[in-house]
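So the structure is just underneath, and the comments pick up after that.
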Amino acid sequence: MNLSDSQRIPKDNDGPVFAEPWEAQAFAMAVKLNEAGIFSWSEWAETLGAELHGEPDRPYYESWLAALEKLVESKGVMSAPERIARIEAWDRAARATPHGQPIVLSRG
Amino acid sequence: MPHDGHHHDHDHDDEGSELSPLALRVKALESLLVEKGYVDPAALDVMIDTYETKIGPRNGARVVARAWTDPDFAQWLKRDATEAIASLGYVGRQGEHMVALFNTPALHNMVVCTLCSCYPWPVLGLPPVWYKAMPYRSRAVIEPREVLKEFGVTLPEDKEVRVWDSTAEVRYLVIPERPEGTGSLSEDQLAALVTRDSMIGTGLAKVPA
């Protein structure tokens, strides 16, 4: 059987659970919101499954994050404009912060 | 974790910091959720630390070693895996409805989640990269023997391979066959032979050196 690279099973060597901090934070937020009863785990699995299916080549935790953004919006936790404005505020705050100092939102 | 998500730009003209677009999206979500009272940032940190350092496949290996050495425990696992596993202290998220799948000389069990990445966190930790990836999720059901070969496992033709698709409710733990020649080993020594992959069904327990 001749498989293309995309069909081969990627292997790992028990590498880090999370490659970057944002992955860990996105993971923990979804679990905590489920615990708080904002959505059921079935709803989560369905939403994440749809994201993974829709963009099979996207890295796993990017799909995880996209699923989380969709669910908080559909559950009325926050609106998309509110979320996007906050992304822009963080971006401005980061750019206004000298290297090596903690980034705080009030700088924006 | 390898770095802190800040992508520093050492260009002399730029004195500001820069966060990656993904880090920005996560920060936006988190700060809004905290402000609205949905999450506590300290609780998020505790959860991340727990999954990074305290929960992993060694928990599952201890369950398997106990099942190998204690027939009553093995029966309990078959009857009510959730309760039997909880008796060892492994309880928590994604372990609420556990089912133990016993491999035998005639049967090999293998677990997948075709929808997303459902996985028994309390006994195995978080899933490996390949478990979450499309090739495994799509091919495990269609051609399990080919997939097993890629993991270096070739089973006799007459051995049945059964693939179990996880759901949002049920989590499976494969109990691999106990290797030959391990009669004199202690429970701890046996647990060391139990690999993560052997408990997903993409591997076998190690043979003692």
Side-chain angles (χ1 to χ4, degrees), chain A residues 1 3 6-12 14-22 24-29 31-36 38 40-42 44-46 48-49 52-53 56-57 60-62 65 68-69 72 77-78 82-84 86-87 89-91 94-101 103 105, chain B residues 1-6 8-10 14-33 36 38-40 43-45 47-48 51-52 57 93-94 113 115-118 125-126 128-130 132-139 143 146-147 150-151 167-169 196:
Chain A
M1 182 161 204
L3 293 168
S6 66
Q7 288 172 300
R8 271 185 218 289
I9 313 284
K11 294 294 183 0
D12 68 352
D14 289 326
V17 175
F18 302 110
E20 295 193 39
W22 69 263
Q25 282 144 3
F27 164 78
M29 281 191 278
V31 175
K32 284 290 174 197
L33 289 178
N34 167 242
E35 278 178 9
I38 306 304
S40 71
W41 201 258
S42 304
W44 171 253
E46 226 168 84
L48 174 59
L52 292 167
H53 184 77
D57 294 331
Y60 177 78
Y61 276 108
E62 288 191 39
L65 176 58
L68 187 57
E69 289 171 341
V72 292
V77 171
M78 66 182 74
E82 187 179 17
R83 194 172 55 73
I84 288 159
R86 183 57 63 95
I87 291 172
W90 274 112
D91 195 23
R95 289 174 197 284
T97 304
H99 291 303
Q101 292 192 17
I103 298 167
L105 206 49
Chain B
M1 287 184 278
H3 53 85
D4 64 4
H6 298 200
H8 295 291
D9 181 354
H10 292 291
D14 180 5
E15 291 300 316
S17 307
E18 200 178 322
L19 293 172
S20 76
L22 290 162
L24 284 171
R25 282 162 64 191
V26 167
K27 268 191 146 339
L29 265 179
E30 185 178 349
S31 60
L32 282 166
L33 289 173
K36 291 167 185 279
Y38 288 101
V39 300
D40 167 6
L44 290 179
D45 287 345
M47 167 167 288
I48 291 165
Y51 278 100
E52 286 198 314
R93 299 299 315 264
Q94 306 299 307
C113 176
L115 174 67
C116 49
S117 50
C118 299
L126 294 177
V129 172
W130 54 261
K132 301 180 287 192
M134 187 60 106
Y136 182 74
R137 287 171 27 235
S138 55
R139 292 179 49 220
E143 43 173 20
E146 286 302 319
V147 170
E150 284 179 47
F151 280 91
T167 67
E169 286 81 31
R196 176 194 67 200

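Proteins come first, then strands; the chains are lettered A, B, ... in the order of their sequence lines, and each starts at number 1.
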> Does the pair B/Arg25/A/Glu62 count as a salt bridge with the N-to-O cut at 4.0 Å?
Replying inline: no

> Most heavy-atom pairs under 4.5 angstrom with chain B, which of A/Ala45, A/Ala36, A/Pro56?
Replying inline: A/Ala45

>> Less than 4.5 Å apart, side chain to side chain, heavy atoms only: is that true for B/Met47 and A/Met29?
In response: no

>> Under 4.5 Å from any heavy atom of chain B, what part of A/Ile38 do you find: side chain, backbone, both or neither?
In response: side chain

> Minimum heavy-atom separation for A/Ser42 to B/Glu169, with atom names?
Replying inline: OG-OE2, 2.8 Å

>> Which residues pass the side-chain hydrogen bond (donor to acceptor under 3.5 Å, both in side chains) test with A/Glu46, not counting sequence neighbours?
In response: none

> Is chain A contacted by the side chain of B/Lys36, its backbone, both, or neither, given a heavy-atom distance below 4.5 Å?
Replying inline: side chain

> Does the side chain of A/Leu65 reach to within under 4.5 Å of the side chain of B/Leu29, using non-hydrogen atoms?
Replying inline: yes

>> Determine whether B/Val129 and A/Tyr60 satisfy the following criterion, side chain to side chain contact (heavy atoms under 4.5 Å, CB included), listing intermediate values before the conclusion.
In response: CA-CA 8 Å; B/Val129 172; A/Tyr60 177 78; over 6 Å; no

> Roughly how far, to the nearest 0.5 Å, is OG of B/Ser20 from CH2 of A/Trp22?
Replying inline: 7.5 Å

>> Tell me every residue that passes salt bridge (charged side-chain N to carboxylate O under 4.0 Å, His left out) with A/Glu35, counting only those two or more places apart in sequence or in another chain.
In response: A/Lys32, B/Arg93

>> Using every non-hydrogen atom in the two residues, find where A/Leu52 and B/Leu115 come nearest and quote the distance to one decimal.
In response: CD1-O, 4.2 Å

> Can you name the nearest heavy-atom pair linking B/Ile48 to A/Ala28, along with the distance?
Replying inline: CG1-CB, 3.8 Å

>> Taking side chain as everything from C-beta outward and backbone as N, CA, C, O, which of these in A/Val77 sits under 4.5 Å from a heavy atom of chain B? Side chain, backbone, both or neither.
In response: both

> When rounded to the nearest 0.5 angstrom, what distance separates CG in A/Asp91 from CG in B/Leu24?
Replying inline: 5.0 Å

>> Please determine whether side chain to side chain contact (heavy atoms under 4.5 Å, CB included) holds for the pair B/Glu30 and A/Trp90, giving the CA-CA distance in whole Å, both sets of side-chain angles, and the decisive distance to 0.1 Å.
In response: CA-CA 11 Å; B/Glu30 185 178 349; A/Trp90 274 112; over 6 Å; no

> Taking atom CZ of A/Arg95 and atom CG of B/Leu19, what is their separation to the nearest 0.5 Å?
Replying inline: 9.0 Å

> Given the options A/Arg83, A/His53, A/Glu82, which has more heavy-atom pairs under 4.5 Å with chain B than any of the others?
Replying inline: A/Glu82

>> Using side-chain heavy atoms (C-beta onward) and a distance below 4.5 Å, is A/Met78 in contact with B/Leu33?
In response: yes

> With a 4.5 angstrom heavy-atom cut-off, which part of B/Leu126 approaches chain A: side chain, backbone, both or neither?
Replying inline: side chain

> Have A/Trp41 and B/Gln94 got a donor and an acceptor in their side chains that come within less than 3.5 Å?
Replying inline: yes

> Among B/Val39, B/Asp45, B/Leu22, which residue forms the greatest number of heavy-atom pairs with chain A at distances under 4.5 Å?
Replying inline: B/Leu22

